[in-house]
Asks: 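Here it is, the structure, as structure tokens.
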Amino acid sequence: MTDQKSASTTLDEVVDSSTSSNFIRNKIAHDIKENKHGGRVHTRFPPEPNGYLHIGHAKSICLNFGIAAENSGLCNLRFDDTNPEKESQEYVDAIKDNISWLGFQWNGDVRYSSNYFEQLYTFAVQLIESGKAYVCDLSANEAREYRGSLTEPGRNSPHRDRSIEDNRDLFERMRAGEFADGACSLRAKIDMAAPNITLRDPVLYRIRHIEHHQTGSKWCIYPTYDYTHCLSDAIEGITHSLCTLEFEDHRPLYDWILHSVDIASIAAASDLAGTESDYVLPEQTEFAKLKLNYTIVGKRQLKEMVETNLVEGWDDPRLPTLAGMRRRGFTANAIRNFCESVGVARSDSVVDLGMLEHAIRDDLDKNSPRAMCVLNPVTVVLTNLADEHLENLSMANHPKNEEMGRRTVPLTKRVVIDRSDFEAVPPQGFKRLTVGGEVRLRGAYVIKCDEVIKDAAGAITELHCSVDLDTLGKKPQGRKVKGVIHWVSEAKGVPLSVRLYDRLFNVENPQSKDIEDFRECLNEDSLIELSSCIAEPSIVEEGASPRYQFEREGYYCLDEKASSESGLVFNRTITLRDSW
RNA sequence: UGGGGUGUCGCCAAGUGGUAAGGCACAAGGUUUUGAUCCUUGCAUGCGUUGGUUCGAAUCCAGCCACCCCAGCCA
């Protein structure tokens, strides 16, 4: 088991210090003060391996691991794998990978609810023996009818009063595989008239003759979430079981199950067995899910987009999956900061995408080296330079951080600039190149456009400019040059493709009730590939960074998956803020 | 119309009886060889609403309104 101190040290480096209070932090501080769990804080992140993790999970991960770290506690990773029908090892692996990438280390070995199946079975027998559970032969449809409705109470199952002996026998036979899927189930005997529907004799075990990714064919009965989750928490000695708001109605059931099983046997089966501390049951606390406008964070919809090829896969850079965001160029640090800035509360809220964008710009601005890359090149001929002119200019990799060093950028007679940096008829306030106007080539000289060369169709092919050779590293004499533009040597630059991403949806809430199918509001231009870009050579030289700020354009990240020997591909993570 | 929740600036969000933090966004200035960054300033006599209690209420009480979740052998 990881020792508490090292876990907290790791997280300290990772958790932003500018934290603000929230109801969970307050509750835990209070519990510690009251010595509720002997002062222990032990959380868990319990994903079901039925899909990839997304930004919403990141909030939960940061919360659970963060709150443990802040309190010198522990956080387990436990796969809530009670429904083999929807789960797979692929998801298990991807989830572990994503959590590590986010910068968190779980306590000890990865846990699986399925690790506890045998123990859970024993507890179920105990419930049967104390008359708190029974085997019910009602089909799923019949059970629904018996359950009643939101406004009407349910009716007792005709099998509710079977003898303990019969129940025990039937349950054993369920396990032994004597019954077909759905033929019967084990139910808790609580109250069919409870206003909280969760308490109307919830199913504890169902029959599924199906292979499980962890337990193979050992079991044909699988415990349900409600039965498994609370007991798994208890077994692991979890103190604070944090989950989302929709589980609020389940809290009475969480408590009912824990209090219906003999606490001494839970304690004996728990990780805390043999520990001096008195065993205290875990407590569930709910918080609001993260929602983001212009994006969908719903496993079902994400899965649908992946499976119907609306996107390229779970790691499509337009997706809010951690895999996608990572490929897009998001940093773990930015995601963690974002989750902290969003806060934790109980009100349903929708966070503005702008907050996420701010988090990534903030991180990338500080940590990305700069480079120049021209997206839509047009040739500029520097007429007063010699044909073979080659000048190695030294440029800072970061305007504010000298420690990031310098690089050499070659200047030749022919360079390229972005087409949008020249306007024959400039609008008011245009600060770039115009006919007869001057502009500085970033890190180099001030140039003046003397002539525009066009082809037969009238399209600009070249701009002929003259260089003011007295402006390298100094302001020009007697005038101000308003603009600075980026450029790349035509001969020395490296060709690359760039993928420009935009939001996947063009409406704030793609899941709104007045939208029948979220596909209606897909943004057609969410991916634009530019294939004739040209960047300064430093981006492929020894010691090149995987991420750059392409000056005046945005933050870009090498896409290793898409790049090949025949071509480099960079993903635009996010544009620069643009007040123009 | 049963039960459980939530309502504080355009968006998050602190605040738990002593007179409305912070962030994002936005706006206006300043610096700048990135229309970036950075800096400065502005941005709720107001806390869903109506009453009540109190010297004093976003905080306590009552009613009302709006929105979210629950009728899987999903989690």
Side-chain angles (χ1 to χ4, degrees), chain A residues 18 20-23 26 46-48 50 80-83 85-87 136 138-141 143-145 147-154 181-187 194-200 202-208 221-222 224-226 228-229 243-252 286 288 290 293 299 340-359 361-362 365-366 370 372 395 398-400 429-432 439-446 471 473-475 481-486 549-554 575-580:
Chain A
S18 59
S20 83
S21 81
N22 63 51
F23 78 101
N26 294 347
E48 185 192 10
N50 66 347
D80 218 339
D81 55 349
T82 56
N83 185 6
E85 244 170 319
K86 296 182 176 172
E87 302 160 5
C136 177
L138 253 27
S139 70
N141 279 338
R144 190 187 315 124
E145 284 168 25
R147 194 155 34 234
S149 73
L150 292 178
T151 50
E152 300 156 329
D181 286 7
C184 50
S185 62
L186 183 74
R187 296 227 255 162
N196 179 351
I197 292 173
T198 306
L199 264 13
R200 319 242 260 232
V203 169
L204 268 22
Y205 273 88
R206 70 288 219 191
I207 301 172
R208 290 284 179 280
I221 56 172
Y222 291 99
T224 55
Y225 163 83
D226 284 310
T228 309
H229 200 87
C243 64
T244 45
L245 253 26
E246 69 269 27
F247 292 102
E248 202 160 7
D249 289 345
H250 296 238
R251 191 169 64 222
E286 314 84 16
L290 172 67
N293 58 13
K299 266 189 198 172
E340 178 57 38
S341 77
V342 146
V344 180
R346 289 175 60 88
S347 62
D348 269 307
S349 55
V350 181
V351 173
D352 195 295
L353 236 204
M355 283 232 222
L356 215 210
E357 296 179 341
H358 173 263
R361 286 195 183 105
D362 190 48
D365 174 59
K366 290 187 188 85
R370 313 286 127 125
M372 293 191 290
M395 290 179 70
H398 190 104
K400 297 190 164 176
F430 190 72
K431 290 169 69 172
R432 295 166 266 178
V439 78
R440 176 178 293 277
L441 294 183
R442 168 122 249 236
Y445 301 89
V446 170
T471 55
K474 56 170 120 164
K475 300 206 186 312
V481 172
K482 48 192 181 284
V484 179
I485 64 174
H486 57 103
Q549 183 202 98
F550 287 155
E551 289 194 277
R552 302 210 312 130
E553 291 291 354
T575 60
L576 250 31
R577 237 173 128 249
D578 189 3
S579 54
W580 165 239

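Order of the sequence lines sets the chain letters (A, B, ...), proteins ahead of strands, with each chain counted from 1. Every heavy atom of this structure was used, including side-chain atoms; hydrogens, water molecules and symmetry mates were not.
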Asks: If I pick the P atom on B/G56 and the same atom on B/G18, what distance separates them, to the nearest angstrom?
Replies: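 Each nucleotide's P atom is 15 Å from the other's.
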
Asks: If the P atom of B/C68 is compared with that of B/A25, how far apart are they to the nearest Å?
Replies: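 Their P atoms lie roughly 29 Å apart.
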
Asks: Considering only the C1' atoms, how many Å lie between B/U41 and B/G5, rounded to the nearest integer?
Replies: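 Nearest-Å result for B/U41 against B/G5 at atom C1': 40 Å.
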
Asks: Quick one: the side chain of A/Arg251 and the base of B/G4, do they pair up donor-acceptor inside 3.5 Å?
Replies: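 Not at all, since no donor on one side and acceptor on the other fall under 3.5 Å apart.
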
Asks: When you measure from the side chain of A/Arg200 to the backbone N and O of A/Arg147, does any donor-acceptor pair fall under 3.5 Å?
Replies: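 It does hold such a pair.
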
Asks: Please determine whether any donor N or O and acceptor N or O are separated by less than 3.5 Å between the side chain of A/Arg370 and the base of B/U34.
Replies: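 Result: at least one qualifying N/O pair found.
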
Asks: Whole-Å distance between B/G35 C1' and A/Asp578 CG?
Replies: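 The answer, rounded to whole Å, is 6 Å.
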
Asks: Figure out the CD/P separation between A/Glu551 and B/U32, and round it to whole Å.
Replies: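 Between P of B/U32 and CD of A/Glu551: 17 Å.
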
Asks: What interatomic distance, in whole Å, is found between C1' of B/C55 and the corresponding atom of B/U40?
Replies: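 Between the two C1' atoms, the distance is 40 Å.
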
Asks: Which sits closer to the 5' end of RNA chain B, A/Phe430 or A/Val351, going by the nucleotide each is nearest to?
Replies: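 Residue closer to the 5' terminus by nearest nucleotide: A/Val351.
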
Asks: If you look at every strand shown and take non-hydrogen atoms under 4.0 Å, does A/Gly483 touch a base, only sugar-phosphate, or nothing?
Replies: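 No contact.
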
Asks: At 4.0 Å (heavy atoms only), tell me whether A/Gln549 reaches a base, stays on the sugar-phosphate, or touches nothing.
Replies: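 Base, at least one base atom sits under 4.0 Å.
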
Asks: Determine the interatomic distance between P on B/G63 and the same-named atom on B/U1; round to the nearest Å.
Replies: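 Result for the P pair: 15 Å, nearest Å.
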
Asks: As a test of your reading of the structure, name each stem of RNA chain B as range with range, where a stem is three or more consecutive Watson-Crick or G-U pairs at under 3.5 Å.
Replies: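 As far as RNA chain B goes, consecutive pairing (with distances under 3.5 Å) yields the stems B:2-7 with B:65-70, B:10-12 with B:22-24, B:26-30 with B:38-42, B:48-52 with B:60-64.
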
Asks: Using atom C1' of each nucleotide, how far apart are B/U31 and B/A44 to the nearest Å?
Replies: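 So the two C1' atoms sit 32 Å from each other.
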
Asks: Just so I know, are the side chains of A/Val484 and A/Lys431 near enough to count as touching, which here means a heavy-atom distance under 4.5 Å?
Replies: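 In short, these two side chains do not touch, never coming nearer than 4.5 Å.
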
Asks: For A/Thr471 and A/Val446, indicate whether the former's side chain and the latter's backbone hold a donor-acceptor pair under 3.5 Å.
Replies: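 Judged by distance alone, yes, a pair lies under 3.5 Å.
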
Asks: Salt bridge check, A/Arg552 against A/Asp578: does any charged N sit closer than 4.0 Å to a carboxylate O?
Replies: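 Looking at A/Asp578 and A/Arg552, the cut-off is not met.
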
Asks: For the side chain of A/Arg440 and the base of B/U33, is some donor closer than 3.5 Å to an acceptor across the two?
Replies: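 In this structure, the two groups form a donor-acceptor pair.
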
Asks: Between protein and nucleotides 14-19 of chain B, map the contacts as a letter string: B base, S sugar-phosphate only, - none, heavy atoms under 4.0 Å, written 5' to 3'.
Replies: SS----

Asks: When the C1' atoms of B/G42 and B/C9 are compared, how many Å lie between them, rounded to an integer?
Replies: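 Pairwise C1' distance, B/C9 against B/G42, rounds to 13 Å.
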
Asks: Taking only N and O in the side chain of A/His358, is any of them less than 4.0 Å away from OP1 or OP2 of B/C24?
Replies: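 Checking B/C24 against A/His358, a side-chain N or O does come within under 4.0 Å of OP1 or OP2.
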
Asks: Could you measure between the two C1' atoms, the one in B/C38 and the one in B/U45, and give it in whole Å?
Replies: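 B/C38 and B/U45 have their C1' atoms separated by 34 Å.
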
Asks: What one-letter contact string describes nucleotides 65-75 of chain B from 5' to 3', where B marks a base within less than 4.0 Å of any protein heavy atom, S marks contact via sugar-phosphate atoms alone, and - marks no contact?
Replies: ---SBBBSBSB

Asks: Among B/A25, B/A13, B/U34, find the nucleotide with the atom closest to the side chain of A/Arg577.
Replies: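 Closest nucleotide to the A/Arg577 side chain: B/A25.
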
Asks: Verify whether one side chain among A/Asn196 and A/Thr198 offers a donor that lies under 3.5 Å from an acceptor in the other.
Replies: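 On atom types as modelled, these side chains qualify, holding a pair under 3.5 Å.
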
Asks: Output the rounded distance in Å from CH2 (A/Trp580) to C1' (B/A27).
Replies: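 In whole Å, B/A27 C1' and A/Trp580 CH2 are 18 Å from each other.
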
Asks: Pick base, sugar-phosphate or nothing for A/Ala444, based on heavy-atom distances below 4.0 Å to the nucleic acid.
Replies: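 Contact class for A/Ala444: base.
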
Asks: What is the minimum heavy-atom distance between A/Glu48 and A/Asn83, and which atoms define it?
Replies: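 Heavy atoms only, the tightest pair is OE2-CB, 3.7 Å.
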
Asks: Any donor-acceptor pair under 3.5 Å joining the side chain of A/Glu553 to the base of B/U34?
Replies: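 Counting by modelled atom types and ignoring angles, no donor-acceptor contact under 3.5 Å is found here.
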
Asks: If the cut-off is 4.0 Å, is A/Ser579 near the phosphate of B/A36, judged by side-chain N/O to OP1 or OP2?
Replies: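 Yes, A/Ser579 has a side-chain N/O under 4.0 Å of OP1/OP2 on B/A36.
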
Asks: Would you call A/Arg346 and A/Glu248 a salt bridge, using N to O less than 4.0 angstrom?
Replies: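 Result for this pair is yes, salt bridge flagged.
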
